Number of protein chains: 2
Amino acid sequence: MKKSLTDRIEQYIKVLIARSEENQIIIQRMELAETFCCVPSQVTYAIATRFTEQTGYSTESRRGGKGYIRISMLDDEQMAGGLSRRDLFMFIDSLLEAKLLSKNEEEMLKHLIINSTRQIPTDQKKQLYEAFRCALDDYTK
Amino acid sequence: MKKSLTDRIEQYIKVLIARSEENQIIIQRMELAETFCCVPSQVTYAIATRFTEQTGYSTESRRGGKGYIRISMLDDEQMAGGLSRRDLFMFIDSLLEAKLLSKNEEEMLKHLIINSTRQIPTDQKKQLYEAFRCALDDYTK
DNA sequence: TTTACCTTTGACTATGTTTGACTTTTAATA
DNA sequence: TATTAAAAGTCAAACATAGTCAAAGGTAAA
């Protein structure tokens, strides 16, 4: 498969992180852009799309002289934790109040959420709740 | 019997998969369309009708620069157990027909199912579909 | 022959990538 | 302190793919 520039930048950064001691690297945007013969904002794009909290990374940067971009791999504890059922239900309640859902729909959803996630481990459940909220949010827009 | 274009595309892809190491191929839609001198959407059609979960394949794609379509043959483990999305949707359709769900509810459910399970591995997805059907079945009784 | 189900096509849509001009922030220096 | 230079950020346009959908064209079964 032919890889896009963004894919190659992603891979390069991941290798650097893998080789690092602390699971994090500090780079200069311009330097990396030169390595790949591209505009600096290409690097910004690669980082923005490939190193998100969702995918288990956090970033931090500083502009100006001695500027840098730090990319760190999140450990398990730091991983974005999803959503509790309580919060998901509160979200559904808010949709009901905003009349974006009928009472019947609200009840059905809660029933489904409770009964279809019985056998799923807690952390995966929270991920699912989160995805569920996003999908619901999307649907009611 | 004369083979349709779709049949020939299907066969071609199957040969490529058979020859591959990982039982999967990555193609570019346009490239394949050129190979068969047809419109790109013909390739989409061939893939959509011949490489389904039902027939033991899964697909994944990306648009934009250096876009691709990946077609993988599912192994036995991935095939076993649970419920396909197609079957779950058929079940939902039957509830609609039986007037146990409104058209609006049917659409909402399908949207949620599609969009909240995007990042879940196939086997877990099928378990979830199964649980979802049970919960729905229960709810509409 | 009619009907029902594929298949083929293409116009339109959605999404992901690359680029560059312009903006903002920060450190160094006058 | 004010100015300047050196970073990084933002955003929208241009481009490169893939997806969708409905109309038109075939084909086989009844």
Side-chain angles (χ1 to χ4, degrees), chain A residues 1-13 24-55 57-72 134-135 138-139 141, chain B residues 1-14 16 24-55 57-72 85-86 89-90 107 110-111 114-115 118-119:
Chain A
M1 170 181 57
K2 269 187 195 155
K3 283 201 166 127
S4 67
L5 220 195
T6 300
D7 290 334
R8 287 187 289 120
I9 294 173
E10 174 190 10
Q11 194 165 35
Y12 181 81
I13 292 174
Q24 68 171 33
I25 55 160
I26 291 177
I27 54 164
Q28 290 213 293
R29 189 176 74 150
M30 228 180 20
E31 213 176 82
L32 198 50
E34 269 164 22
T35 302
F36 285 92
C37 295
C38 65
V39 295
S41 58
Q42 177 79 55
V43 175
T44 303
Y45 177 76
I47 292 171
T49 56
R50 308 298 160 82
F51 296 88
T52 64
E53 275 212 359
Q54 282 271 297
T55 56
Y57 295 86
S58 77
T59 63
E60 169 193 347
S61 68
R62 202 167 68 188
R63 308 185 187 188
K66 302 279 197 299
Y68 62 85
I69 299 174
R70 185 208 311 271
I71 304 172
S72 323
C134 290
D138 184 37
Y139 181 74
K141 257 175 193 154
Chain B
M1 175 184 63
K2 201 183 159 197
K3 278 194 170 142
S4 70
L5 219 196
T6 299
D7 290 336
R8 286 188 289 122
I9 294 174
E10 175 189 9
Q11 194 164 35
Y12 181 80
I13 292 174
K14 284 183 172 166
L16 291 186
Q24 68 170 34
I25 55 160
I26 290 174
I27 54 165
Q28 290 210 291
R29 188 177 74 149
M30 228 181 16
E31 218 175 77
L32 199 48
E34 269 165 22
T35 302
F36 285 91
C37 295
C38 64
V39 294
S41 58
Q42 177 78 54
V43 174
T44 303
Y45 177 75
I47 292 172
T49 56
R50 308 299 158 82
F51 296 88
T52 64
E53 276 207 4
Q54 296 277 295
T55 56
Y57 295 86
S58 77
T59 62
E60 171 191 342
S61 68
R62 200 166 71 187
R63 307 185 188 188
K66 303 285 194 298
Y68 60 84
I69 300 173
R70 185 209 310 271
I71 304 172
S72 323
R85 176 138 95 199
R86 190 189 143 96
F89 276 23
M90 279 169 52
E107 281 170 5
K110 287 183 178 175
H111 180 88
I114 291 169
N115 294 287
R118 281 251 162 73
Q119 303 191 310

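If you're wondering where the values come from, they're calculated on a predicted model, not measured in any experiment. Naming: A, B, ... by sequence-line order, numbering from 1 per chain.
- For the pair A:D7 and A:K2, the salt-bridge criterion is not met [side-chain N within less than 4.0 Å of a carboxylate O].
- One atom, CD of B:E10, and another, P of C:dC6, lie 14 Å apart when rounded to the nearest Å.
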All N/O contacts under 3.5 Å from nucleotides 19-23 of chain C to the protein, with atom names and distances to one decimal?
residue : atom : partner : partner atom : Å
C:dG20  : N7   : A:S41   : OG           : 3.2
C:dG20  : O6   : A:S41   : OG           : 2.7

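- Residue B:R50 has a polar side-chain atom (N or O) positioned under 4.0 Å from OP1 or OP2 of C:dT7.
- Note: CG (A:L32) to P (D:dG9) measures 12 Å, nearest angstrom.
- Counting non-hydrogen atoms of neighbouring residues, nucleotides and ligands closer than 6.0 angstrom, the OH atom of A:Y68 exceeds 12 such neighbours.
- Distance A:K3 NZ to C:dG16 P: 18 Å, rounded to the nearest Å.
- Straight-line distance from the CD1 atom of B:I71 to the P atom of D:dG19: 10 Å, rounded to whole Å.
- Straight-line distance from the CZ atom of A:R70 to the C1' atom of D:dA8: 15 Å, rounded to whole Å.
- Within 4.0 Å of B:R29, counting heavy atoms only, lies at least one base atom of the nucleic acid.
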Kindly list each side-chain donor-acceptor pair under 3.5 angstrom involving residues 33-47 of chain B, sequence neighbours excluded, with atom names and distances?
residue : atom : partner : partner atom : Å
B:T35   : OG1  : B:E31   : O            : 3.0
B:Q42   : NE2  : B:T6    : OG1          : 2.9
B:T44   : OG1  : B:R29   : NH1          : 2.9

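- What separates CD1 of B:I47 from C1' of C:dT8 is a distance of 16 Å, to the nearest Å.
- Looking at heavy-atom distances under 4.0 Å, B:G67 makes contact with sugar-phosphate atoms alone, never a base.
- The residue among A:K66 and A:S4 whose nearest nucleotide of DNA chain C is located toward the 5' end is A:S4.
- Summarising the local packing, CD of B:E107 is surrounded by more than 12 heavy atoms from other residues, nucleotides or ligands at distances under 6.0 Å.
- Residues B:K66 and A:K3 form no side-chain contact, since every pair of their non-hydrogen atoms from C-beta on lies 4.5 Å or further apart.
- Residues B:R70 and B:Q24 are in side-chain contact: their nearest non-hydrogen atoms beyond the backbone lie under 4.5 Å apart.
- The shortest distance between side-chain heavy atoms of B:Y57 and B:T52 does not fall below 4.5 Å.
- A donor-acceptor contact shorter than 3.5 Å is absent between the side chain of B:E60 and the backbone of B:I69.
- With the end axes of the helix from C:dT1-D:dA30 to C:dA30-D:dT1 each set by five pairs, the angle from one to the other reads 10° at 10° resolution.
- At whole-Å resolution of the value, OH in A:Y68 and P in D:dA8 are 11 Å apart.
- For the pair A:I9 CD1 and C:dT18 C1', the interatomic distance rounds to 10 Å; values are reported in whole Å.
- Rounding to the nearest 0.5 Å gives a distance of 10.0 Å between OG of A:S61 and CD1 of A:I27.
- Checking the phosphate oxygens (OP1, OP2) of D:dG9, a side-chain nitrogen or oxygen of A:T44 falls inside 4.0 Å.
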